[in-house]
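First the proteins, then the strands, lettered A, B, ... as listed; each starts at 1.
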Protein chains: 2
Amino acid sequence: MHISAKIDYAMRALLTVANGGDDPVSADAISREQGLSIKFLESILNDLRKSGFLQSRRGANGGYVLARPADSIFVADVFRQLDGPLAEVRGLRPETAKYEGAATNLGNVWVAVRASLRNVLETITLADLLGGELPTQIKELLDTPDAWVSR
Amino acid sequence: MHISAKIDYAMRALLTVANGGDDPVSADAISREQGLSIKFLESILNDLRKSGFLQSRRGANGGYVLARPADSIFVADVFRQLDGPLAEVRGLRPETAKYEGAATNLGNVWVAVRASLRNVLETITLADLLGGELPTQIKELLDTPDAWVSR
DNA sequence: ATCATTCCTATCATTTCTATAGGGTATGTG
DNA sequence: CACATACCCTATAGAAATGATAGGAATGAT
């Protein structure tokens, strides 16, 4: 799974905005705090606004605030709006890919992949990430030291 | 997560070959059974051979056989050889991406994503898929009807 | 007015993805 | 030995995605 720069930047931008509370946070401020290219960031902020995650205010002292509470924005929501479905096979939904002969059961793998991604991405909110308290089953995933090493 | 045509075709090819037992299965036969473009398939079969999954035999009655037992080839192995690491963020390993300020905890999400992918892809073998019996925790993932609908 | 800031459109270089083409090479069979 | 079969290698290429950059228009606060 390739997690794109776009999603990574979008999450960082959302967290920075959420961290600012009710005060608008400007693109420039986000760009500086997170070290992101301003122009690329601008286009992502625009996507986030159009997707209903952010509200913007123009002019002096303008910037962005969350359009919804931080505990109602799940990581999965951001993925779906900016990158499309969590899991696709050759551009198809996992459950729609049909297989013949020896590959009959392969579809089950792709559906299981999607289900396991959902278990992570649909349970974590912006508020969780700001507070540093992740859901129990995520903590369990991270508690095995094995989770932190490359294979 | 985009599961590429390459991985999809590779899995289907491996399963078809595995299904043939000790008899070599030709690229042409795989292409016909699975409905895959012959030339693209050939290049994938070559990758699979170089990666140590397949053994090839040239000439009449040639084709491919598994180079290792079907119960020792995990889906994750195929991903890693053909597509690289299971999860990457901007081309980096999940645990190496560092985050500042409000995004401090974001890295945990990516590590959790990888861990959950491992729970699926590192537990399913070619033999499981041929036999139609998947590991218990995968069955549990698939048993909820929810797993089969799009979001 | 002026300045800060978002918003819009266009462009673009690079890489990845999904192939296709053509011929070279090895091997088993008759 | 000839021949058919089938893998093997290199090169090319169109399309899409990725990760930006540029310039200026619109808006809002003071």
Q: Please compare Ala5(A) and Asn61(B) by the position of their nearest nucleotide in DNA chain D and report the one closer to 5'.
A: Asn61(B)
Q: Could Glu122(B) and Arg151(A) be called an ion pair, given the rule that one side-chain N must be under 4.0 Å from one carboxylate O?
A: yes
Q: Considering all heavy atoms of both residues, which atom of Ala13(A) and which atom of Leu41(A) are nearest to each other, and what is their separation?
A: CB-CD1, 4.0 Å
Q: Could you check how far CD1 of Ile44(A) sits from P of dG19(D), rounded to whole Å?
A: 9 Å
Q: Would you mind checking if Glu33(B) and Arg12(B) are paired as a salt bridge, meaning a charged N to carboxylate O distance below 4.0 Å?
A: no
Q: Has Ser56(B) got a side-chain N or O lying under 4.0 Å from the OP1 or OP2 atom of dA6(D)?
A: no
Q: Atom CD1 of Ile38(A) and atom C1' of dT5(C): how far apart are they, to the nearest Å?
A: 10 Å
Q: Among dA19(C), dA21(C), dG28(C), which nucleotide sits nearest the side chain of Ser37(B)?
A: dA19(C)
Q: Take atom CG of Asp23(B) and atom P of dG28(C), then tell me their distance rounded to the nearest Å.
A: 15 Å
Q: How long is the line joining CD1 of Ile3(A) and C1' of dA17(D), in whole Å?
A: 17 Å
Q: As a test of reading the structure: which of dG28(C), dT18(C), dA4(C) is closest to the side chain of Ala60(B), going by heavy atoms?
A: dG28(C)
Q: Is the base of dT6(C) touched by the side chain of Arg58(A) through a donor-acceptor pair closer than 3.5 angstrom?
A: yes
Q: May I have the step-by-step check of side chain to side chain contact (heavy atoms under 4.5 Å, CB included) for Tyr99(A) and Leu15(B), ending in yes or no?
A: CA-CA 11 Å; Tyr99(A) 296 98; Leu15(B) 288 167; over 6 Å; no
Q: For the side chain of Lys39(B) and the base of dG22(C), is some donor closer than 3.5 Å to an acceptor across the two?
A: yes
Q: Which listed nucleotide (dG24(D), dC9(D), dT6(C)) is nearest to the side chain of Lys50(B)?
A: dC9(D)
Q: Using a cut-off of strictly less than 4.0 Å, decide whether Asn46(A) has a side-chain nitrogen or oxygen near OP1 or OP2 of dC8(C).
A: yes
Q: Starting at atom CZ of Arg49(B), determine the distance to atom P of dA6(D), rounded to an integer number of angstrom.
A: 17 Å
Q: Would you tell me if any nitrogen or oxygen in the side chain of Tyr9(B) comes within less than 4.0 Å of OP1 or OP2 on dA19(C)?
A: yes
Q: We want to know whether Ser43(B) and Asn46(B) form a side-chain donor-acceptor pair, criterion being a heavy-atom distance below 3.5 angstrom.
A: no
Q: Without decimals, in angstroms, what is the distance between Asp47(B) CG and dC17(C) P?
A: 12 Å
Q: Going by modelled atom types, is there a donor-acceptor pair between the base of dC7(C) and the side chain of Glu42(A) at under 3.5 Å?
A: yes
Q: Whole angstrom is fine here: how far is it from CG in Leu45(A) over to P in dC8(C)?
A: 13 Å
Q: Of the listed nucleotides (dT21(D), dA19(C), dT18(C)), which one gets closest to any side-chain atom of Ser4(B)?
A: dT18(C)
Q: When the distance from NZ of Lys6(B) to C1' of dT18(C) is rounded to whole Å, what number comes out?
A: 10 Å
Q: Assign each of Phe40(A) and Arg57(A) to its nearest nucleotide of DNA chain D by heavy atoms, then name whichever residue's nucleotide is nearer the 5' end.
A: Phe40(A)
